Amino acid sequence: MNDSIFIKNLKVYAYHGVLPEEKRNGQFFYLDINLIGDFLIPCLTDKVEDTVNYDEVCNCAYKAMTQNTYDLIERAAQVVCDSILREFDRVSEVEVTLKKPHAPVKCEIEYAAVTIRRGRENFR
């Protein structure tokens, strides 16, 4: 089955970016996280211990975003995926969209973003 648990716009203050001021001053990032797996059992039992607790996923992603700094949002998104796959066995695939609303570009944009999807076969 390909059920999903979806977390939208997890707000994290972190220090990622190529420019020195991005690493020094930091900025807000927003994550959309789609957890893919077979969630039939929790649908039947109604027990939190049978599912993937989204509060724990949020904490895991937050920690992954704030433990280190990266030049690229691609790398930060990969670290979030790796952390979730490491922590949550019930997740067979994870898709992360990492949005950077204050990307240092000369044009007016809502945000720059990257989306990556990783499964257990991509897990490092």
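Keep in mind that this is a model prediction, so the values were computed, not measured.
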Nearest 0.5 angstrom please: [X] [atom1] to [Y] [atom2], how far?
| X | Y | atom1 | atom2 | answer |
| --- | --- | --- | --- | --- |
| Asp3 | Leu40 | CG | CG | 7.5 Å |
| Glu87 | Glu56 | CD | CD | 9.0 Å |
| Arg24 | Thr69 | CZ | OG1 | 13.0 Å |
| Asp50 | Thr45 | CG | OG1 | 3.5 Å |
| Lys11 | Lys99 | NZ | NZ | 12.5 Å |
| Cys81 | Arg86 | SG | CZ | 11.5 Å |

> Under 3.5 Å, side chain of Arg120 to main-chain N/O of Leu85, donor-acceptor pair present?
Replying inline: yes

> Does the Ser92 side chain pair with the main chain of Ile36, one donor and one acceptor, at a distance under 3.5 Å?
Replying inline: yes

Where [X] and [Y] come nearest, the two heavy atoms and their spacing:
| X | Y | answer |
| --- | --- | --- |
| Ala103 | Ile109 | CB-CD1, 4.3 Å |
| Ile33 | Ala61 | CD1-CB, 3.7 Å |
| Asp32 | Asn9 | OD1-N, 2.7 Å |
| Leu10 | Cys58 | CD2-O, 3.8 Å |
| Thr66 | Tyr13 | CG2-O, 3.6 Å |
| Phe29 | Ile73 | CE2-CG2, 3.9 Å |

> When you look at Arg90 and Asp38, which way does the salt bridge (charged side-chain N to carboxylate O under 4.0 Å, His left out) test go after all the steps?
Replying inline: CA-CA 7 Å; Arg90 288 187 170 101; Asp38 182 354; over 6 Å; no

>> I'd like to know whether CD of Glu21 has more than 12 heavy-atom contacts from other residues, nucleotides or ligands below 6.0 angstrom.
In response: yes

> Counting only heavy atoms not in Tyr30, do more than 12 fall under 6.0 Å of its OH?
Replying inline: yes

Any side-chain heavy atom of [X] within less than 4.5 Å of one from [Y]?
| X | Y | answer |
| --- | --- | --- |
| Val57 | Ile7 | yes |
| Asn68 | Tyr15 | no |
| Phe88 | Cys60 | yes |
| Lys100 | Glu22 | yes |
| Val94 | Val91 | yes |
| Thr51 | Asn53 | no |

> Are Arg118 and Asp82 ion-paired here, with the side-chain N under 4.0 Å from a carboxylate O?
Replying inline: no

>> For His102 together with Phe28, are the ring centres under 6.0 Å from each other?
In response: no

Kindly work out whether a path of hydrophobic side-chain contacts (I/L/V/M/F/W/Y, heavy atoms less than 4.5 Å apart) joins [X] to [Y].
| X | Y | result |
| --- | --- | --- |
| Met65 | Ile116 | yes |
| Tyr70 | Leu98 | no |
| Val114 | Ile84 | yes |

>> Under the criterion side chain to side chain contact (heavy atoms under 4.5 Å, CB included), I'd like the reasoning laid out for Leu31 against Val96: C-alpha separation, chi angles, the key distance, then a yes or no.
In response: CA-CA 7 Å; Leu31 293 102; Val96 170; 3.9 Å; yes

> Can Lys23 and Asp71 be said to form a side chain to side chain contact (heavy atoms under 4.5 Å, CB included), step by step?
Replying inline: CA-CA 8 Å; Lys23 286 190 171 55; Asp71 288 344; 2.4 Å; yes

